[in-house]
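One structure is given below, encoded as structure tokens.
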Amino acid sequence: MDARSLKIEAARAALAHVKDGMRLGIGTGSTAEEFIRLLGERVASGLTVIGVPTSERTAESCRRFGIPLTTLDETPELDLTIDGADEFDPELNLIKGGGGALLREKIVAAASKSMIVIADESKAVDALGRFPLPIEVNQFGLGATELAVRRVAEALGLEGTIALRRRGDAPFVTDGGHFILDASFGRIPDPSALSGRLFCVPGVVEHGLFLKLARIAIVAGADGVKTIHARD
Ligand SMILES: O=C(CO)[C@H](O)[C@H](O)COP(=O)(O)O
């Protein structure tokens, strides 16, 4: 099965968790796009849901597929968020933000009673860090923030490159108006320690470590679709 078909299978399996009347957080990325398309079909045939999109891109897709939208101001508590991930470990800790939507994705996931990750099996890792960690930073003080992030990493024994994400010739700018630093630290032995220390850097707005937010992962692979539950 090709990569797109796996994403579709994971997205289709996630739909079984969506019940009539639910308030949904709706993720960003190519896997989430497949979910949005399938959800749109269910909405067209009578399912009643309301969604909070995790990016402008997702909002546009939801509108295209007829999914009613709300905001966290109008609907501050959600029943379920369904989103992709760049990688997940056996505890269902995630790295997210490859699509640049990590801040809204984390706000929406944290506002939800539960989060389901949809992914193909290539996203499974023993330990986080194969995928560069996206760190969303304020545009002001970029150089100082990058240096502080490097020092945080060094204090934890992590080394590697930190690159400002670009789109063409210009820095990539998030929906919130921030920049993203992609930190290639390699294996992150203690994601919780890194998370805590990154939040102590004033210019860091958010980072892509999603720890203990997802309780279920729906993972499509050559042997079919598996549902993985996080241990409590
Ligand atoms: O975190 C994300 C966007 O910020 C995405 O969920 C992540 O990048 C996975 O995307 P895809 O489904 O395209 O592989």
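A quick note: this is a predicted structure, and the numbers were derived from the prediction, not measured. Positions are given from 1 along the sequence.
- The two residues Arg215 and Lys212 make their nearest non-hydrogen contact at NH1-CA, 3.8 Å.
- Checked by atom type and distance alone, the side chain of Asn93 never pairs as donor or acceptor with a backbone atom of Leu209 at under 3.5 Å.
- Taking CG from Leu24 and CD1 from Ile116, the interatomic distance works out to 9.5 Å, rounded to the nearest 0.5 Å.
- The two residues Ala230 and Ala214 come nearest to each other via the heavy atoms CB-O, 3.9 Å.
- A salt bridge links Lys113 with Asp79: at least one charged nitrogen is closer than 4.0 Å to a carboxylate oxygen.
- The two atoms that bring Leu102 and Gly208 nearest to each other are CD1-N, 3.4 Å, heavy atoms only.
- By the criterion of side-chain heavy atoms lying less than 4.5 angstrom apart, applied directly or through intervening Ile, Leu, Val, Met, Phe, Trp or Tyr residues, Phe210 is grouped together with Phe88 in one hydrophobic cluster.
- Side-chain contact between Pro68 and Thr48 is absent, with no heavy atoms from C-beta onward closer than 4.5 Å.
- We find the CZ-CD1 distance between Phe35 and Ile8 to be 14.0 Å, quoted to the nearest 0.5 Å.
- When the side chains of ILVMFWY residues are joined at heavy-atom separations under 4.5 Å, either directly or via intervening members, Phe65 and Leu39 end up in a single hydrophobic cluster.
- Between Arg12 and Glu41 there is no salt bridge, since no side-chain N of the basic residue sits under 4.0 Å from a carboxylate O of the acidic one.
- Hydrophobic clustering (ILVMFWY, side-chain heavy atoms < 4.5 Å, transitive): Phe172 and Val205 are in distinct clusters.
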query = What do the steps show when you test Thr227 against His229 for side chain to side chain contact (heavy atoms under 4.5 Å, CB included), and what is the final call?
reply = CA-CA 7 Å; Thr227 300; His229 293 265; 3.7 Å; yes
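- At a threshold of 4.5 Å between non-hydrogen side-chain atoms, the residues Ser112 and Leu80 do not count as touching.
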task = Please test Glu87 against Leu128 for side chain to side chain contact (heavy atoms under 4.5 Å, CB included), starting from the C-alpha separation and ending with a verdict.
result = CA-CA 7 Å; Glu87 59 184 33; Leu128 298 180; 3.8 Å; yes
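- In this structure, the side chains of Ile162 and Phe185 come closer than 4.5 Å at one or more pairs of heavy atoms.
- Taken to the nearest 0.5 Å, the CZ atom of Arg63 stands 10.5 Å off from the OG1 atom of Thr58.
- For the residue pair Gly98 and Pro134, the shortest heavy atom distance occurs at N-CG, 4.1 Å.
- The minimum heavy-atom distance linking Leu69 with Pro53 is given by the pair CD2-CD, 4.0 Å.
- Summarising the geometry of Val204 relative to Leu198, their closest heavy-atom pair is CB-O, 3.5 Å, with the distance given to 0.1 Å.
- To the nearest 0.5 angstrom, Leu133 atom CG is 8.5 Å from Asp182 atom CG.
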Show the atom names and distances, to 0.1 Å, of all donor-acceptor pairs under 3.5 Å that link a side chain in residues 135-148 to residues at least two apart or in another chain.
unit_1, atom_1, unit_2, atom_2, d
Glu136, OE2, Thr174, OG1, 2.8
Glu136, OE2, His178, ND1, 2.9
Asn138, OD1, Phe140, N, 3.1
Gln139, NE2, Gly177, O, 3.0
Thr145, OG1, Gly141, O, 3.1

inquiry  = Checking Asp175 against Arg104 for the side chain to side chain contact (heavy atoms under 4.5 Å, CB included) test, could you report, in this order, the C-alpha distance in whole Å, the side-chain angles of both residues, the deciding distance, and whether it holds?
reply    = CA-CA 8 Å; Asp175 286 345; Arg104 292 191 187 184; 3.5 Å; yes
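- With contacts defined as side-chain heavy-atom distances shorter than 4.5 Å, the pair Val173/Phe179 qualifies.
- Counting heavy atoms from C-beta outward, Ile218 and Val117 have side chains that stay 4.5 Å or more apart.
- When the shell of 6.0 Å around CG of Asp126 is examined, it contains 12 or fewer heavy atoms from other residues, nucleotides or ligands.
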inquiry  = Applying side chain to side chain contact (heavy atoms under 4.5 Å, CB included) to Ile82 and Val18, what does each step give before you reach the verdict?
reply    = CA-CA 9 Å; Ile82 295 183; Val18 177; 3.9 Å; yes
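- If you chain together hydrophobic residues whose side chains sit under 4.5 Å apart, Ile118 and Ile228 never meet in one group.
- Taken from CD in Glu60 to CD1 in Ile36, the straight-line distance is 10.5 Å, to the nearest 0.5 Å.
- Contact of the Val108 side chain with the Asp83 side chain is not registered, since no non-hydrogen atoms from C-beta on lie closer than 4.5 Å.
- Side chains of Met115 and Leu94 form a contact here, defined as non-hydrogen atoms less than 4.5 Å apart.
- Salt bridge annotation for Arg57-Glu33: present, with a cationic side-chain nitrogen under 4.0 angstrom from a carboxylate oxygen.
- Not one N or O on the side chain of Thr75 forms a donor-acceptor pair closer than 3.5 Å with the backbone of Leu72.
- With respect to the salt-bridge test (charged N to carboxylate O, under 4.0 angstrom), the residues Glu105 and Lys96 qualify.
- The same ILVMFWY cluster, assembled from side-chain heavy atoms under 4.5 Å apart, contains both Ile67 and Leu15.
- For the pair His17 and Ile216, the minimum side-chain heavy-atom distance is below 4.5 Å.
- Under the rule for a salt bridge (Lys or Arg N to Asp or Glu O under 4.0 Å), Arg197 has no partner lying at least two apart in sequence or in another chain.
- If you take CD on Glu34 and CD on Glu9, they are separated by 10.5 Å, rounding to the nearest 0.5 Å.
- More than 12 heavy atoms of other shown residues, nucleotides or ligands fall within 6.0 angstrom of atom CZ in Arg64.
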